[in-house]
Enquirer: 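Can you keep this structure in mind? I'll have questions shortly.
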Amino acid sequence: IVSVTERVGDVFAFADQDTVLGLILRESISRLPSTNLVALKSYLNVQVADINTRYRKLVSSHGSLPGQLVFPHGLKTLPMFILSAEKTGALKEKTVNSDLRVESLYRLKTYPLDKLSLYLYPVLFNLFEFETGDCETDQETGYFTLPKTYPLARTSLARGGVHLIFNGEEAYLWLHSDVNPLLLQDLFGPTVECLAQVDPKNNFLPELDTEISLQLRNLCKYLSKHYRVSPNRSIPLKICRFSMDRSEYDFLELFVEDKSSDLSPSYPDYLRTLHKLISNKLENAAPALPKESSNLDNGGSSTFAQRYLHF
């Protein structure tokens, strides 16, 4: 059902973030290769700043403090997804294997919107926090109980912990060097007594009759069935042992809220950059418009498009 409104605030309130994200990313990527990566990332940042400048000027100017960074409710995490896109292999400025860059570009341009969001901001689980009943399907309702997820920052990693991260295609199982040997045996079998005995080339968990093994395998099956782009294939696990395996580098690169290896900013630093862009745009904008309600109530001639495109 397509709705029509005379209030610009409704446009922001009911905006579909996945759709907005897909439109911005795919229009921007279409500028390659005539636009270099630095200019393209700057263009993406300007797109996000433009949206929030219009929102601040047209909707929230009377309900927020001067200088406050305010995002539309339906687009609150859009800056995080845009920053994540800038950190993918497609848009990294440092040297990236050409095949990996093309693969990442292909994903950004072709993934369905729900899969695109998961690719840009993967889900992170802490196996220590799995509770009884997690990763099970309720026989009456048919609902699967997902464990708690965590922000993609290194502060979410627990010392001695075991974490699973999934981005829609790959799944990484990270094992800290101080992990409990009993947990390793519950996951990999009684012959594994220490982290060094875990085989990083083994992409699938053995079928053990332990609670944590059942939970992890159930979780991988659920994610593969409902969220993987190729749902007919099971998810291969990439083992990442702390300070031991090369795959740990790829695992840590998924923590998009931190500063990345190519010096792309952390999420707090990125928000500060956006805040500065928005503030500059507001300072350079034309004089403030009257409240939108006054135009409507008094029969003003200003149209929706005129008000939205005022800047």
Enquirer: Report yes if some heavy atom in the side chain of L237 is under 4.5 Å from a heavy atom in the side chain of L164; otherwise report no.
Expert: yes
Enquirer: Is a side-chain N or O of S279 found less than 3.5 angstrom from the main chain of H275, in a donor-acceptor match?
Expert: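 A pair under 3.5 Å: yes.
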Enquirer: Flag the pair P79 / L271 as yes when at least one side-chain heavy-atom distance between them is below 4.5 Å, and no otherwise.
Expert: yes
Enquirer: Does a side chain donor of either E27 or Y43 reach within less than 3.5 Å of an acceptor in the other side chain?
Expert: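 Judged by distance alone, the side chains do pair up.
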Enquirer: Any heavy-atom pair between the side chains of T53 and L282 that's under 4.5 Å?
Expert: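 Yes, close enough: below the 4.5 Å cut-off.
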Enquirer: In Å, rounded to the nearest 0.5 Å, how long is the span from CG of L195 to OG of S177?
Expert: 7.0 Å
Enquirer: In the structure I gave you, are the side-chain heavy atoms of V162 and L183 within less than 4.5 Å of one another anywhere?
Expert: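 They are in side-chain contact.
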Enquirer: Taking distance alone, no hydrogens or angles, what donor-acceptor pairs closer than 3.5 Å link side-chain atoms of residues 122-132 to residues at least two apart or in another chain?
Expert:
unit_1, atom_1, unit_2, atom_2, d
N126, OD1, F128, N, 3.0

Enquirer: Drop me the distance from F242's CZ to L252's CG, to the nearest 0.5 angstrom.
Expert: 9.0 Å
Enquirer: Ion pair present between E248 and K238, side-chain N to carboxylate O less than 4.0 angstrom?
Expert: no
Enquirer: Answer yes when D258 and R154 have at least one side-chain N-carboxylate O distance shorter than 4.0 Å, and no when they do not.
Expert: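 Answer for the salt bridge query: yes.
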Enquirer: Counting only N and O atoms by type, is there a donor-acceptor contact under 3.5 Å from the side chain of Q215 to the main-chain atoms of C135?
Expert: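 It does not hold such a pair.
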Enquirer: Measuring from L219:CG to T145:OG1, what's the distance to the nearest 0.5 Å?
Expert: 11.5 Å
Enquirer: Strictly by modelled atom types, are S261 and Y249 linked by a side-chain donor-acceptor pair under 3.5 Å?
Expert: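 Side-chain D/A pair, S261 to Y249: present.
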Enquirer: Would you check, one step at a time, whether the test side-chain contact (heavy atoms from CB on, under 4.5 Å) holds for K276 with T273?
Expert: CA-CA 5 Å; K276 185 176 180 180; T273 300; 5.8 Å; no
Enquirer: Any sub-3.5 Å donor-acceptor pair from H163's side-chain atoms to A158's backbone N or O?
Expert: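 At least one qualifying donor-acceptor pair exists.
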Enquirer: Roughly how far, to the nearest 0.5 Å, is CD1 of I239 from CG of D199?
Expert: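 It comes to 8.5 Å.
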Enquirer: Give a yes or no on whether L75 and L69 share a hydrophobic cluster (residues Ile, Leu, Val, Met, Phe, Trp, Tyr; joining criterion: side-chain heavy atoms under 4.5 Å apart).
Expert: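 Same hydrophobic cluster.
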Enquirer: Indicate yes or no: does R107 engage E170 in a salt bridge with an N to O separation below 4.0 Å.
Expert: yes
Enquirer: Say whether, by atom type as modelled, one donor and one acceptor occur between the side chain of R101 and the main chain of A90 under 3.5 angstrom.
Expert: yes
Enquirer: Looking only at the side chains, is there a donor atom on one of S213 and R217 sitting less than 3.5 Å from an acceptor on the other?
Expert: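 Side-chain D/A pair, S213 to R217: present.
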Enquirer: Are V179 and L184 side-chain neighbours, meaning at least one heavy-atom pair lies under 4.5 Å?
Expert: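 They are in side-chain contact.
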Enquirer: Can you give me the closest heavy-atom contact between M244 and A196, atom names plus distance?
Expert: CE-CA, 4.1 Å
Enquirer: Measuring from atom CG of L216 to atom CG of L205, what distance do you get when rounded to the nearest 0.5 angstrom?
Expert: 5.0 Å
Enquirer: Taking the six-membered ring for Trp, are F251 and F255 parallel (under 30°), tilted (30 to 60°) or perpendicular (over 60°)?
Expert: perpendicular
Enquirer: Checking R26 side chain against L108 main chain: does a donor-acceptor pair fall under 3.5 Å?
Expert: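 At least one qualifying donor-acceptor pair exists.
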Enquirer: Are any side-chain N or O atoms of N180 and backbone N or O atoms of L182, one a donor and one an acceptor, separated by less than 3.5 Å?
Expert: yes
Enquirer: Can you check whether L32's main-chain N or O pairs, donor with acceptor, with T35's side chain at less than 3.5 Å?
Expert: no
Enquirer: For T141 and D138, which heavy atoms make the closest approach, and how far apart are they?
Expert: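 That would be N-OD1, 3.0 Å.
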Enquirer: Does any N or O in the side chain of R56 come within less than 3.5 Å of the main-chain N or O of I278, such that one atom is a donor and the other an acceptor?
Expert: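 Here the side-chain-to-backbone pair does not exist.
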Enquirer: Would you sort out whether S260 and D262 count as a side-chain hydrogen bond (donor to acceptor under 3.5 Å, both in side chains), showing the intermediate values?
Expert: CA-CA 5 Å; S260 59; D262 66 342; 2.5 Å; yes
Enquirer: For atom CG of D209, decide whether the heavy atoms of other residues, nucleotides or ligands shown that lie under 6.0 angstrom number more than 12.
Expert: no
Enquirer: Taking a hydrophobic cluster as the set of Ile, Leu, Val, Met, Phe, Trp and Tyr residues connected by side-chain heavy atoms closer than 4.5 Å, whether directly or through intermediates, do I212 and L208 fall within one such cluster?
Expert: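 No, because I212 and L208 fall into different hydrophobic clusters, even though each may have its own neighbours under 4.5 Å.
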Enquirer: Go through the side-chain N and O atoms of N45 and Y270 and say whether any donor and acceptor fall under 3.5 Å apart.
Expert: yes
Enquirer: Just jot down the salt bridge (charged side-chain N to carboxylate O under 4.0 Å, His left out) partners of K41, sequence neighbours excluded, or say none.
Expert: E93
Enquirer: Could you tell me if the side chain of P151 sits less than 4.5 Å from the side chain of Y121, heavy atoms only?
Expert: yes
Enquirer: Closest heavy-atom contact between L91 and A85?
Expert: CD1-O, 3.5 Å
Enquirer: For M80, does its backbone N or O pair with a side-chain atom of S84 as donor and acceptor, under 3.5 Å?
Expert: yes
Enquirer: Strictly below 4.0 Å, N to O, side chains only: are D269 and K259 in salt-bridge contact?
Expert: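 No.
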Enquirer: Can I235 be reached from L146 by stepping across I, L, V, M, F, W or Y side chains whose heavy atoms are under 4.5 Å apart?
Expert: yes
Enquirer: Are Y55 and I51 packed together at the side-chain level, in the sense that at least one heavy-atom pair is separated by less than 4.5 angstrom?
Expert: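 In short, these two side chains do not touch, never coming nearer than 4.5 Å.
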Enquirer: Could you walk me through whether Y119 and T88 pass side-chain hydrogen bond (donor to acceptor under 3.5 Å, both in side chains), step by step?
Expert: CA-CA 9 Å; Y119 173 61; T88 61; 5.1 Å; no
Enquirer: Please find the pair of heavy atoms, one from F204 and one from P236, that lie closest to each other, and give the distance.
Expert: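 The answer is CE2-CA, 4.0 Å.
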Enquirer: Should Y222 and Y227 count as side-chain neighbours, where that means a heavy-atom distance under 4.5 Å?
Expert: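 Yes, their side chains come closer than 4.5 Å.
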Enquirer: Please report the closest heavy-atom contact between Y172 and D250, naming both atoms and the distance.
Expert: OH-CB, 3.6 Å
Enquirer: Between L223 and L214, is there a shared hydrophobic cluster once you connect ILVMFWY residues whose side-chain heavy atoms come closer than 4.5 Å?
Expert: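 Per the 4.5 Å side-chain linkage, L223 and L214 are not co-clustered.
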Enquirer: Show the nearest heavy-atom pair for residues Q185 and E193, with the distance to one decimal.
Expert: NE2-CG, 3.9 Å
Enquirer: Say you draw a straight line from CG of N52 to CZ of F71; how long is it, rounded to the nearest 0.5 Å?
Expert: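 Those atoms lie 5.0 Å apart.
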Enquirer: If we ignore angles and hydrogens, is there a donor and acceptor under 3.5 Å between the side chains of Q17 and T77?
Expert: yes
Enquirer: Yes or no on side-chain contact (heavy atoms from CB on, under 4.5 Å) for C240 and L175, after CA distance, side-chain angles and deciding distance?
Expert: CA-CA 6 Å; C240 314; L175 308 162; over 6 Å; no
Enquirer: Using atom types as modelled and distance alone, determine if a side-chain donor or acceptor of T210 lies under 3.5 Å from a backbone N or O of D186.
Expert: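 A pair under 3.5 Å: yes.
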Enquirer: side-chain contact (heavy atoms from CB on, under 4.5 Å) between L157 and H176: does it pass, once the steps are laid out?
Expert: CA-CA 9 Å; L157 298 178; H176 191 267; over 6 Å; no
Enquirer: Taking L116 as the fixed residue, which of L120, D114, L118 is the one that meets the side chain to side chain contact (heavy atoms under 4.5 Å, CB included) rule?
Expert: L120
